[in-house]
Amino acid sequence: MAIRYEGDDGWPNLEPNDSVSNGSAPYLGRISKLLAWNDLDPPDAFERRRNQRIYDRWQGNRNPFVDHPEWARAIWG
């Protein structure tokens, strides 16, 4: 969500951080927890097949973090 929604269209900026009390316009998630989860649970064969199937059959686009889980640390680490 953070790579798609920047908050410049009147909706909240969906940028993850580590604060749990961001006031009336909260950010999305705790980046430390999301990065730890990304490290501990890399995409498996089922998730890679699912990503390909969604691309082939419905959306015509992919979840880049299934193809490249290392990008999470490159962007937010």
Side-chain angles (χ1 to χ4, degrees):
M1 299 298 286
I3 60 173
R4 169 62 181 90
Y5 298 102
E6 289 300 317
D8 55 3
D9 58 0
W11 293 94
N13 185 5
L14 299 179
E15 195 65 42
N17 68 27
D18 273 321
S19 179
V20 295
S21 60
N22 292 302
S24 62
Y27 290 111
L28 176 74
R30 292 187 64 195
I31 192 63
S32 61
K33 295 293 183 186
L34 294 171
L35 289 172
W37 176 34
N38 184 70
D39 293 342
L40 292 171
D41 187 21
D44 59 20
F46 174 83
E47 290 166 313
R48 289 190 297 274
R49 282 191 308 271
R50 180 177 182 270
N51 199 33
Q52 185 64 43
R53 174 173 259 167
I54 289 168
Y55 171 80
D56 291 338
R57 293 187 179 187
W58 297 289
Q59 289 184 321
N61 61 11
R62 308 178 64 80
N63 178 339
F65 297 104
V66 171
D67 294 330
H68 296 280
E70 71 278 8
W71 287 359
R73 286 248 175 231
I75 294 169
W76 293 286

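Basis for what follows: all heavy atoms, side chains included, without hydrogens, waters or symmetry-related copies.
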Aromatic plane relationship, Trp76 with Phe65 - under 30° parallel, 30 to 60° tilted, over 60° perpendicular: tilted
Under the ring pair (Phe, Tyr, Trp, His ring centres under 6.0 Å) test, residues paired with Trp37 that sit two or more places apart: none
Pairs where residues 55-68 contributes a residue and the test salt bridge (Lys or Arg N to Asp or Glu O under 4.0 Å) is met, not counting sequence neighbours: Arg62-Asp67
Residue pairs involving residues 38-51 (criterion salt bridge (Lys or Arg N to Asp or Glu O under 4.0 Å); sequence neighbours excluded): Asp39-Arg73
Ile75 side, atom CD1; Glu70 side, atom CD - distance, nearest 0.5 Å: 10.0 Å
Cluster link Tyr55 to Val66, ILVMFWY, side chain under 4.5 Å: no
Fellow cluster residues of Ile54, listed by chain then number, with links counted only when side-chain atoms sit under 4.5 Å apart: Trp58
